[in-house]
Amino acid sequence: MENEYRLPSELINVLIKTCLDYTSVLTLNLADRIANNWLQNKIHTAQEAIAYTKKWQKNRQVRRFNNNSTRKQAKTDWKNYDVDNGKNTDVSLSNEELNNIFNNFGRKE
């Protein structure tokens, strides 16, 4: 990291702590993303990195809490739902008729 991004050692220490605060496993991919983000935002000292990280985490928490406005789909009250528009739905079939229906299920006529 020191050679690739030309980061001072104090900034690398803050980078490692930030990675470990984010997840318990230190990965190069995460460190690269954070270091790249810092460089794009012109962060060159440990103090700037700490302040930027705190600000970023605060904004992230605010966004996470504001995202609770999930849509709730209206549920269908099936006991009041008329399936056949008034037709008698209490139909009893004999075993022969049921077997015939199941045996012919999926067959094209």
Side-chain angles (χ1 to χ4, degrees):
M1 294 302 272
E2 200 168 10
N3 291 336
E4 185 176 345
Y5 290 111
R6 300 191 198 307
L7 297 176
S9 59
E10 66 175 11
L11 198 56
I12 291 175
N13 289 337
V14 175
L15 176 64
I16 292 170
K17 183 188 180 319
T18 304
C19 289
L20 292 175
D21 286 345
Y22 187 71
T23 182
S24 62
V25 178
L26 183 62
T27 62
L28 185 59
N29 186 24
L30 179 61
D32 278 340
R33 288 188 306 176
I34 293 171
N36 189 26
N37 187 359
W38 287 354
L39 291 174
Q40 287 178 0
N41 288 291
K42 309 225 183 314
I43 294 173
H44 300 291
T45 65
Q47 291 80 14
E48 291 173 340
I50 291 169
Y52 179 79
T53 302
K54 284 182 182 179
K55 184 178 123 186
W56 182 82
Q57 287 175 341
K58 184 179 176 186
N59 288 341
R60 185 171 163 234
Q61 286 176 345
V62 168
R63 267 190 276 138
R64 186 179 301 158
F65 290 125
N66 287 343
N67 252 356
N68 288 339
S69 60
T70 57
R71 294 184 192 181
K72 292 185 180 179
Q73 184 176 0
K75 295 180 180 176
T76 303
D77 189 8
W78 290 105
K79 65 183 175 196
N80 296 329
Y81 190 73
D82 187 14
V83 177
D84 292 330
N85 296 327
K87 294 181 183 175
N88 184 4
T89 57
D90 186 21
V91 177
S92 57
L93 298 173
S94 69
N95 284 339
E96 257 182 65
E97 291 171 321
L98 286 173
N99 285 334
N100 188 26
I101 290 171
F102 287 117
N103 287 337
N104 293 326
F105 183 75
R107 292 185 185 168
K108 294 184 181 179
E109 295 180 10

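Nothing fancy with the numbering, it's 1 onward along the sequence. Note that these values count all heavy atoms, side chains included, but never hydrogens, waters or copies made by symmetry.
You'll find the side chain of T45 stays beyond 4.5 Å of the side chain of L11, heavy atoms only. L93 places a side-chain heavy atom less than 4.5 Å from the side chain of I101. Contact of the L7 side chain with the L39 side chain is registered, since non-hydrogen atoms from C-beta on lie closer than 4.5 Å. Between V14 and Y52, the closest side-chain pair of non-hydrogen atoms is not below 4.5 Å. At a threshold of 4.5 Å between non-hydrogen side-chain atoms, the residues C19 and I34 count as touching.
The closest donor-acceptor contact from the side chain of N36 to the backbone of D32 lies at 3.5 Å or more, if one exists at all. Side chain of Q40 to main chain of N37: no donor-acceptor pair is present (N/O by atom type, distance under 3.5 Å, no hydrogens or angles). Not a single donor-acceptor pair under 3.5 Å links the side chain of N100 to the backbone N or O of E96.
Note that CG of L26 is 8.0 Å distant from CG of L15, once rounded to the nearest 0.5 Å. Atom CD of E48 and atom CG of N41 lie 10.5 Å apart (nearest 0.5 Å). Rounded to the nearest 0.5 Å, atoms CZ (R33) and CG (L28) are 11.0 Å apart. The structure places NE2 of H44 at 12.5 Å from CD of E10, a figure rounded to the nearest 0.5 Å. Here the CH2-CH2 distance, from W38 to W56, works out to 11.0 Å after rounding to the nearest 0.5 Å.
With sequence neighbours excluded, the residues satisfying side chain to side chain contact (heavy atoms under 4.5 Å, CB included) with N99 are N103.
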